[in-house]
There are 2 protein chains.
Amino acid sequence: MNDELAEAREHFIQGMSRISHFWGFPKAMGAIYGAVYLSPEPLSLDDLVAQVGVTKGSVSTNVRTLERLGMVHKRVQLGDRKDYYVAETDFWKVVRGVLREREQNEFAQALNTVQESMEMTDTAVTTPEDAELAQFYQERMQNMQNFFNTLDNLVSTLIALDELRSGTIQRLFNRSTNSSS
Amino acid sequence: MNDELAEAREHFIQGMSRISHFWGFPKAMGAIYGAVYLSPEPLSLDDLVAQVGVTKGSVSTNVRTLERLGMVHKRVQLGDRKDYYVAETDFWKVVRGVLREREQNEFAQALNTVQESMEMTDTAVTTPEDAELAQFYQERMQNMQNFFNTLDNLVSTLIALDELRSGTIQRLFNRSTNSSS
DNA sequence: CGTGACGTTTAGTTCAAACTAAACGTAGTA
DNA sequence: TACTACGTTTAGTTTGAACTAAACGTCACG
């Protein structure tokens with residue numbers, strides 16, 4: 001292939017790598033997505049090993065994560081034992097996938113921990129002089145929990161709406177920018 | 001202090017620690033914020049060393065980051081050389097701070113890298129057989145850049161609006177949830 | 001069966017980020 | 001000027017996540 005094109009691809013892949021790392025994913029994962037995204041043809045696992053320059057094991061695990069997030073899709077071809085991958089090109093879907101994953105994992109847990117701390121404060125037997133402090137704790141924790149709940153609702157609402165009819169986020173955005181004052 | 005209350009605080013701080021780590025910040029940073037957030041009084045650097053259990057150096061650097069993000073505020077007291085810190089309790093402000101930081105740093109860079117890759121593809125001298133591929137690259141990269149631009153605009157719009165009059169995000173949220181159909 | 005071409009799993013290694021310990025700079029105080 | 005009480009900086013260490021190399025399981029086809 002053309003050297004300059006290859007160089008451009010290289011640069012792009014490196015960029016994806018950085019973005020991936022920045023959002024808390026493995027660098028190789030971003031690089032793999034970049035490679036798939038810039039390929040007109042579905043890529044096999046070995047193709048990716050060649051293009052990205054990491055080992056098969058790494059590609060295997062990372063590509064599985066990408067699939068779980070809905071960032072790539074597996075294509076099996078008849079009479080060919082290899083798995084081929086194509087990129088999801090609807091980035092809003094990608095965002096949804098990531099948000100959903102994050103929401104399920106640590107996000108709910110965060111809510112949980114605050115909830116637990118509140119309950120611990122609740123049931124704590126306090127001396128009169130600590131009662132004031134306990135109430136302070138209650139208020140602060142309650143405020144944080146309210147915020148988390150709002151945020152959680154916001155995210156799941158957006159996901160749900162956008163799944164019903166794609167484009168909710170865009171429309172929300174347009175409403176934000178176009179409406180003057 | 002009451003043991004049960006202390007335990008609740010401990011648990012809460014640990015939770016903040018996890019959240020911090022999850023969002024790509026040092027765990028100690030979250031813990032420090034948690035401690036400040038649960039304190040009715042401003043806390044000095046040495047207070048934090050005692051409460052969080054990390055060294056002064058770590059507190060020093062992490063608390064500075066927290067201040068840069070607008071998550072805590074420094075309070076200097078007359079006739080006292082110590083710095084005291086209080087927590088920002090408006091979480092939307094906190095979100096804004098984080099988004100702004102992220103936007104400035106890596107977010108803009110991501111846009112940049114894609115831009116550069118596009119230009120490299122642009123100026124690449126292609127043989128006829130590579131011309132098709134080059135065009136494919138162009139399209140894909142352009143799509144991604146459009147998305148990034150949209151996202152970037154969305155974020156900075158939200159930040160700007162919310163700064164003008166706090167509560168934009170909440171109202172946006174309410175509009176999303178309350179409007180039926 | 002046996003063999004080769006796959007994807008997956010695992011034990012071990014690498015590496016970068018966060019932390020510690022301690023030196024350092026500075027400003028107020030006697 | 002020396003001393004103390006701070007916050008900051010830095011050299012070195014720790015830690016955990018991501019990667020590598022290689023063994024493994026499996027399936028198709030002879």
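Because the structure is a prediction, the values reported are computed rather than measured. Residue numbering restarts at 1 for every chain, and letters A, B, ... go by the order of the sequence lines.
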**Q.** B:R75 to B:Y85 six-membered ring, cation-pi geometry met (6.0 Å, 45°)
**A.** no
Q | Interatomic distance where CG belongs to B:D80 and P belongs to D:dT4 [whole Å] | A | 19 Å
Q) Quick one: on DNA chain D, does B:S44 or A:V54 contact a more 5' nucleotide (nearest heavy atom)? A) B:S44
Q.
Any side-chain to backbone donor/acceptor pair from A:N62 onto A:S58? Under 3.5 Å, distance only.
A. yes
Q | For atom CZ of B:R81 and atom C1' of D:dC3, their distance in whole Å | A | 11 Å
**Q.** Side-chain donor/acceptor of A:S17 to backbone N/O of A:I13, under 3.5 Å
**A.** no
(Q) Taking B:Q109's backbone N and O only, do any of them form a donor-acceptor pair with B:T113's side chain (distance below 3.5 Å, no angle check)? (A) yes
Q | B:K82 NZ to D:dA5 P, straight-line distance once rounded to whole Å | A | 10 Å
**Q.** Geometric class of the B:W92/A:F147 ring pair [parallel <30°, tilted 30-60°, perpendicular >60°]
**A.** perpendicular
Q) Which two nucleotides bound the region of DNA chain C that has atoms under 4.0 Å from heavy atoms of chain A, read 5' to 3'? A) C:dG4 to C:dT9
(Q) Judged by each residue's nearest nucleotide on DNA chain C, which is more toward the 5′ side, A:K27 or A:K56? (A) A:K56
Q. For the ring pair B:F91 and B:Y37, is the centre-to-centre distance below 6.0 Å?
A. yes
Q) D:dG16 P sits how many Å from B:F22 CZ, rounded? A) 18 Å
Q) Expressed in angstrom and rounded to an integer, what is the separation of B:E67 atom CD from D:dG7 atom P? A) 13 Å
